[in-house]
Amino acid sequence: MGINVILTGVTGMVGEGVLLECLQNHKVDSVMAVCRKPIDLTHPKLKLLVAPDFLQINTDSAQLKGYDACFYCAGVSSNGLSEEAYTKITYDTTVHLAKVLLQLNPQIVFNFVSGYQTDSTESGKVMWARIKGKTENTLLKMFPGKEFNFRPALMKPMPGQKSFYGYNRWMHKMLYPALSFIFPACSIQEIAQAMISATTVGYKKSILEVGDIKKLAAT
């Protein structure tokens, strides 16, 4: 018997790739994609909850009951955003949905896509890293022993993906091999596989750097 997963961020690069892997992975029975707008994809495993504002989701959302894990892949770049705006998207929205899901599914495992060089001290000079660190720390307190923070750097998309960060498929194929010599690299498929394994068997660390992601994905 596989797991039932709630997934956010399916219109972005990470979330789309994680969705594709979940749909093909025999360890996953169903996926509830919580998204701000409908997506052009149907699959026997896939259900959709369209919520233009995640902050309006509450415990009356019966569709969100009966799930084993949340793969939280939603997020935006901090470029051009004030700290207040970035905090609302990255911290407030994430924590709000996490609270709702925890009330509806007390045993749920929460997997959060953070980022390479996130600041766990919450006191550094880099705004996005502080806010990501604050989000990680809050989630860890909410889900003792059942919360995992994934910190990928350079990512290789899943085959068939349409979403890419800031450049097209051709540019990614050209740049990825060169950049992988500079930044820690993993595939989005490995991120998804690691999330599935974190849910089913757990992991010794709550913060997963690229090496941990690749190791857990192989289990």
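Heavy atoms only: backbone and side chains are in, while hydrogens, waters and symmetry mates are out.
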>> Please determine whether side-chain hydrogen bond (donor to acceptor under 3.5 Å, both in side chains) holds for the pair Thr199 and Asp68, giving the CA-CA distance in whole Å, both sets of side-chain angles, and the decisive distance to 0.1 Å.
In response: CA-CA 8 Å; Thr199 303; Asp68 303 296; over 6 Å; no

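Cluster annotation: Val50 is not connected to Leu97 through the hydrophobic network of ILVMFWY side chains, with a link wherever side-chain heavy atoms come within less than 4.5 Å. Val28 and Tyr67 are not part of a single hydrophobic cluster, where members link through side-chain heavy atoms under 4.5 Å apart.
In terms of modelled atom types and a separation under 3.5 Å, the side chain of Asp212 and the main chain of Glu209 share a donor-acceptor contact. Proximity of a side-chain donor or acceptor of Asn111 to a complementary backbone N or O of Phe71 within less than 3.5 Å is not detected. Between the Thr118 side chain and the Gly133 main chain, no donor and acceptor come within less than 3.5 Å of each other. Side-chain N or O atoms of Asn105 include none that pairs as donor or acceptor with a backbone N or O of Ala69 at under 3.5 Å. Distance alone, capped at 3.5 Å, places no donor-acceptor pair between the His43 side chain and the Leu20 backbone. A donor-acceptor distance shorter than 3.5 angstrom exists from the side chain of Ser61 to the backbone of Asn58, with no hydrogens or angles considered. For Lys45 (side chain) and Cys22 (main-chain N/O), a donor-acceptor pair under 3.5 Å exists by modelled atom type.
Across all non-hydrogen atoms, the minimal contact from Arg151 to Ser114 is CG-CB, 4.2 Å. For Pro184 against Val210, the heavy-atom pair with the smallest separation is CB-CG2, 3.6 Å. Residue Cys186 comes nearest to Ile213 through the heavy atom pair SG-CG2, 4.3 Å, listed as atom of the first residue, atom of the second, then distance. Considering all non-hydrogen atoms of both residues, Val34 and Ile57 come closest at CG1-CD1, 3.8 Å. The minimum heavy-atom distance linking Ala33 with Leu46 is given by the pair CB-CD1, 3.9 Å. Heavy atoms only, all atoms of each residue included: Glu136 and Ser120 are closest at OE1-OG, 3.9 Å.
Residue pairs meeting the ring pair (Phe, Tyr, Trp, His ring centres under 6.0 Å) criterion with at least one member in residues 136-162, sequence neighbours excluded, are Phe110-Phe143.
Listed by chain and number, the residues in a salt bridge (charged side-chain N to carboxylate O under 4.0 Å, His left out) with Lys214 are Glu190 (sequence neighbours excluded).
Taken to the nearest 0.5 Å, the CD atom of Glu83 stands 6.0 Å off from the CE atom of Met127. Here CD of Glu122 is found 6.5 Å from OG1 of Thr138. Values are rounded to the nearest 0.5 Å. The structure places CZ of Phe54 at 11.5 Å from CD1 of Ile89, a figure rounded to the nearest 0.5 Å. Taken to the nearest 0.5 Å, the OG1 atom of Thr42 stands 15.0 Å off from the NZ atom of Lys47. Distance CZ/Phe112 to CG/Leu140: 10.5 Å, rounded to 0.5 Å. For the atom pair Cys70 SG and Met195 CE, the distance stands at 8.5 Å (nearest 0.5 Å).
Thr135 and Thr94 are not linked by any side-chain donor-acceptor pair at a separation below 3.5 angstrom, with hydrogens and angles left out of the test. If you check the side chains of Gln103 and Thr59, you find no donor sitting under 3.5 Å from an acceptor. Side chains of Lys156 and Gln189: a donor-acceptor N/O pair is absent below 3.5 angstrom, by distance only.
The only member of Val10, Leu7, Thr8 that meets side-chain contact (heavy atoms from CB on, under 4.5 Å) when paired with Cys35 is Val10.
Around the NZ atom of Lys215, the shell of radius 6.0 Å holds no more than 12 heavy atoms that belong to other residues, nucleotides or ligands.
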